[in-house]
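Since the structure comes first, as structure tokens, the remarks are kept for the end.
Nothing fancy with the numbering, it's 1 onward along the sequence. Keep in mind it's a predicted model, so treat the numbers as computed, not measured.
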Amino acid sequence: METISENQYADLIDELVGRANEHNQPILLQGAAGNAIVISEKEWNALQETLYLQSIPGMSESIKEGGQTLIEDCVDESTIRDILNG
């Protein structure tokens, strides 16, 4: 994680937002009143989705199990679409 002091980030906010988006790495902003983290919106949304999925009992285990399923044993995408579309 990159660390930026309060004096540095005041003039660099547009550049820092660009860096956070381009590199998908958080940037630590250090200030007298406390610290803050700059992350891209994409990373924020991914964190929110991860937290949501982990809050559902059994979901993490289900995802892990699904990831170990052989592709031949998976239901075809068109079958799922047919079910969803009635």
Side-chain angles (χ1 to χ4, degrees):
M1 177 182 335
E2 185 175 356
T3 302
I4 306 284
S5 72
E6 188 173 18
N7 293 339
Q8 292 172 308
Y9 68 74
D11 295 330
L12 297 174
I13 194 67
D14 285 337
E15 181 184 336
L16 296 175
V17 169
R19 276 197 244 169
N21 277 288
E22 183 178 336
H23 301 294
N24 289 320
Q25 290 290 326
I27 300 171
L28 174 62
L29 304 180
Q30 295 179 324
N35 298 337
I37 304 291
V38 174
I39 62 172
S40 69
E41 182 179 16
K42 178 181 173 184
E43 288 297 311
W44 173 258
N45 291 335
L47 286 168
Q48 294 300 304
E49 181 177 8
T50 299
L51 291 172
Y52 170 72
L53 291 173
Q54 288 181 340
S55 74
I56 301 170
M59 182 60 76
S60 294
E61 292 78 16
S62 177
I63 291 171
K64 289 175 189 174
E65 182 181 315
Q68 296 172 354
T69 303
L70 296 174
I71 193 74
E72 298 83 28
D73 296 335
C74 292
V75 176
D76 185 75
E77 181 181 351
S78 62
T79 302
I80 299 296
R81 291 192 183 282
D82 289 344
I83 292 168
L84 293 175
N85 291 328

Distance (rounded to the nearest 0.5 Å) between [X] [atom1] and [Y] [atom2]:
X	Y	atom1	atom2	result
Glu43	Gln25	CD	CD	8.0 Å
Asn35	Leu29	CG	CG	8.0 Å
Glu22	Glu15	CD	CD	10.0 Å
Asp76	Arg81	CG	CZ	10.5 Å
Ile39	Asn21	CD1	CG	10.0 Å

Set of residues satisfying side-chain contact (heavy atoms from CB on, under 4.5 Å) with respect to Asp73, sequence neighbours excluded: Thr69, Leu70
Over 12 non-hydrogen atoms of neighbours within 6.0 angstrom of CG in Asp82: yes
More than 12 heavy atoms of other groups within 6.0 Å of Gln48 CD: yes
Where [X] and [Y] come nearest, the two heavy atoms and their spacing:
X	Y	value
Val38	Leu16	CG1-O, 4.3 Å
Met59	Leu53	CB-O, 3.2 Å
Gln54	Ser60	CG-OG, 3.8 Å

Are [X] and [Y] connected, step by step, through hydrophobic side chains (Ile, Leu, Val, Met, Phe, Trp, Tyr) whose heavy atoms are closer than 4.5 Å?
X	Y	answer
Leu51	Ile56	no
Val17	Leu12	no
Trp44	Ile13	no

Side-chain donor/acceptor of Ser55 to backbone N/O of Tyr52, under 3.5 Å: yes
Option from Asn24, Asn45, Ile27 for which side-chain contact (heavy atoms from CB on, under 4.5 Å) with Ser40 holds: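 Among the candidates, only Asn24 passes.
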